[in-house]
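Structure first, commentary second.
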Amino acid sequence: MKKLLSIISMLFLGSSVYATTYMCVKTKNERVKEFDTEKISLVYYEDEIVDINPSELEGELGGHSYVNLGLPSGTMWATSNMSGFYRWGETKPFTSSPSSIDAKLILNQWNGVPMGELLAQDVVDGVKDTTYSNSLGRLTPAYDVASVDWGNAWRMPTYDEIIELKTLCKWEWTEQGTPGCIVTGPNGKSIFLPAAGYNNYGQIDKQGKWGYYWTSSKLANDSYNLSYYLLINNNGPYCRYTDISEGNAVRPVFSASPKKYMYVVTTDNQSFKYPVEKVLTVDFEERTDIPKLESNTGDHAYVDLGLPSGIKWATCNVGANSQEESGDYFAWGETKTRTLYDYENSVFRNSKANSLQEQGVIDRIKDTTDVHSLGRLTDMYDAATVNWGGTWRIPTLDEVAELKKCCTWIWTNMKNVNGYIVVGPNGNAIFLPVTGQRCWGTTYDNNYGMYLISSANTNELTYEFSFNAPDIIYNKPSVYWSSAYSISGCSVRPVSW
């Protein structure tokens with residue numbers, strides 16, 4: 001049964017043409033998702049389709065058979081696997097060819113995506129498993145292949161649910177017919193998990209000896225692309241984690257008790273699904289519209305943000321033709337781009353900080369933001385000054401600190417490029433795209449913005465201005481600077497008086 005949230009239409013009628021109204025959905029784990037009400041086409045509530053009697057020991061849901069094993073959680077386990085192998089968070093079978101020379105370079109689409117982004121994009125829900133402290137959350141229905149392909153209430157099991165299966169059931173390895181495990185529940189009913197192996201970049205491995213089964217649960221660690229899985233072999237079941245780029249089997253489950261969900265459907269046909277029991281509040285907030293950003297035509301346009309210093313910020317990076325482009329990359333103190341940024345090619349790799357002043361690389365003007373500040377790049381070593389001319393230059397540490405302190409930072413996506421809209425005190429704004437940095441022939445940290453600062457310090461060599469997605473819990477921008485070595489190539493966003 002669906003129920004339209006009628007307050008949406010009333011808000012449209014009452015909204016000011018100079019403001020935007022947002023619907024803010026806050027869940028019990030303190031996550032907040034914001035929707036522009038003008039981009040919402042429908043909000044409704046619907047019960048899960050679970051037309052079964054929980055006391056029945058066997059049955060069928062949506063054309064797929066299940067068994068009630070008598071588990072305390074009430075989890076019903078399917079009697080068969082989904083067809084094929086899948087990578088975690090992907091809903092199409094993993095079918096890379098072992099003959100392809102690029103087979104091992106084919107990564108999961110979520111490979112390298114930070115935890116905050118997985119939460120922000122609703123790939124995982126932030127609901128942590130109770131049996132392991134390092135759990136990040138579980139896949140949401142849109143990225144759960146069991147939910148997508150089997151529908152109804154079917155989904156991938158959580159880490160908690162495979163722990164329950166492992167600890168409360170009897171496991172018996174058999175090699176009669178298809179090798180695998182007979183799993184018998186507390187009530188005497190059982191399922192069979194075949195040793196299906198896994199898809200190792202197109203090569204089916206360990207078939208008939210081991211079985212690899214995904215859970216929907218993600219390991220909370222940005223350094224590794226790992227999620228939890230169930231491993232079976234003739235020594236018994238194990239609960240472990242592995243690389244999300246592997247292709248593993250999926251054995252779906254569902255809960256006997258149906259749940260009510262709130263759905264938010266946007267005008268571009270995206271659907272967001274929230275369990276009603278986990279929704280804490282649904283609020284509406286009217287805000288002043290974000291200023292319209294001018295498109296850069298390549299003429300080195302600038303924006304006056306109304307900053308106390310009077311500094312004007314360029315609308316695009318050096319080497320870029322639009323505000324969304326990363327532009328050229330430069331090592332600190334160098335004015336030409338290179339194809340390779342590494343230790344051997346770095347001009348100032350062995351330079352002592354004090355000698356830079358003697359060589360005329362930096363001046364003696366210290367920034368007030370950091371006590372270790374030594375001086376700023378002089379004109380002939382400033383990539384912005386050399387490439388753009390006039391009064392353009394790389395910003396100082398003090399100017400970056402002013403930008404962070406005095407402006408409003410809004411994380412967004414512009415023409416498929418992530419970054420921040422930076423709104424100044426006077427309401428004018430610029431867009432800073434994520435750029436990453438180039439080092440050892442590779443562009444690293446593509447989910448981060450990394451920009452040069454002209455200031456040098458006494459501890460290392462220079463400062464680096466960085467940002468990434470806001471903290472998903474507190475919705476605060478992640479904007480910072482740090483001391484850095486000079487070997488990496490970074491983007492440059494010039495400033496001028």
Side-chain angles (χ1 to χ4, degrees), residues 62 64 78 80-100 102-127 129 135-159 161-162 193 196-207 210-231 240-254 268-273 413 416 418 446-447 469:
H64 303 283
S80 63
N81 294 347
M82 297 191 67
S83 177
F85 296 92
Y86 298 84
R87 300 193 298 187
W88 184 90
E90 296 186 352
T91 57
K92 301 295 183 183
F94 182 42
T95 56
S96 67
S97 169
S99 61
S100 170
D102 295 324
K104 291 197 174 183
L105 299 179
I106 301 174
L107 299 176
N108 184 296
Q109 69 181 98
W110 304 114
N111 195 78
V113 178
M115 294 185 295
E117 276 294 288
L118 292 175
L119 292 166
Q121 296 182 40
D122 281 313
V123 180
V124 294
D125 58 13
V127 179
D129 293 87
S135 168
L136 174 65
R138 293 90 174 260
L139 286 169
T140 56
Y143 300 98
D144 184 319
V145 64
S147 298
V148 171
D149 278 13
W150 284 20
N152 297 290
W154 289 108
R155 56 179 173 77
M156 292 165 63
T158 67
Y159 184 78
E161 287 164 346
I162 66 164
L193 295 175
Y198 72 106
N199 189 327
N200 186 15
Y201 298 100
Q203 182 67 50
I204 306 304
D205 228 348
K206 304 294 185 182
Q207 194 170 48
W210 290 6
Y212 298 76
Y213 289 84
W214 276 128
T215 76
S216 66
S217 303
K218 178 72 174 66
L219 182 72
N221 193 319
D222 263 343
S223 300
Y224 304 97
N225 302 294
L226 304 173
S227 290
Y228 300 100
Y229 74 107
L230 168 68
L231 169 66
R240 297 177 175 175
Y241 47 78
T242 191
D243 194 309
I244 63 174
S245 291
E246 288 185 0
N248 292 339
V250 173
R251 176 62 64 93
V253 300
F254 71 88
D268 58 356
N269 292 322
Q270 293 188 69
S271 181
F272 299 86
K273 180 179 178 182
N413 183 282
N416 295 319
N418 287 331
N446 287 326
N447 292 304

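Bear in mind that the values here come from a model prediction, so they are computed numbers and not experimental data.
Ring planes of Tyr228 and Tyr159: tilted class, angle from 30 to 60°.
In this structure, Asn248 and Thr242 have side chains that are in contact, with non-hydrogen atoms separated by less than 4.5 Å. Val253 places a side-chain heavy atom less than 4.5 Å from the side chain of Arg155.
Nearest heavy atoms, Pro252 versus Ser80: CD-O, 3.8 Å. Taking each heavy atom of Tyr86 and Trp214 in turn, the nearest pair found is O-NE1, 2.7 Å. Between Asp125 and Val127, the closest heavy-atom pair is OD1-N, 2.9 Å. Counting all heavy atoms, side chain and backbone alike, Ser217 lies closest to Ser227 at O-CB, 3.4 Å. Minimum heavy-atom separation, Val113 to Glu117: CG1-CB, 3.4 Å. Of all the heavy atoms in Gly62 and Asn152, the pair that sits closest is CA-ND2, 3.3 Å.
Under the 3.5 Å distance criterion, the side-chain polar atoms of Trp110 are matched with a main-chain donor or acceptor of Gly89.
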Trace of the ring-ring contact (aromatic ring centres under 6.0 Å, His included) decision for Tyr143 with Trp88: CA-CA 9 Å; Tyr143 300 98; Trp88 184 90; 9.0 Å; no

Leu230/Leu193 under side-chain contact (heavy atoms from CB on, under 4.5 Å): CA gap, chis, key distance, verdict: CA-CA 11 Å; Leu230 168 68; Leu193 295 175; 4.0 Å; yes

Candidate pair Leu136 and Leu219, rule side-chain contact (heavy atoms from CB on, under 4.5 Å), full reasoning: CA-CA 6 Å; Leu136 174 65; Leu219 182 72; over 6 Å; no

Full working for ring-ring contact (aromatic ring centres under 6.0 Å, His included) between Phe94 and Phe85: CA-CA 6 Å; Phe94 182 42; Phe85 296 92; 9.2 Å; no

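For Phe254, the ring-ring contact (aromatic ring centres under 6.0 Å, His included) partners two or more places apart in sequence, or in a different chain, are Tyr66, Trp154. Under the rule for a ring-ring contact (aromatic ring centres under 6.0 Å, His included), Tyr213 has no partner lying at least two apart in sequence or in another chain.
Taking CE from Met156 and CG from Leu139, the interatomic distance works out to 5.5 Å, rounded to the nearest 0.5 Å. Going from atom CZ of Arg240 over to atom CD1 of Ile162 covers 11.5 Å, rounded to the nearest 0.5 Å. With values rounded to the nearest 0.5 angstrom, Ile244 atom CD1 is found 5.5 Å from Asn111 atom CG.
For residues 137-148, the set of pairs meeting the salt bridge (charged side-chain N to carboxylate O under 4.0 Å, His left out) definition, not counting sequence neighbours, comprises Asp129-Arg138, Arg138-Asp160.
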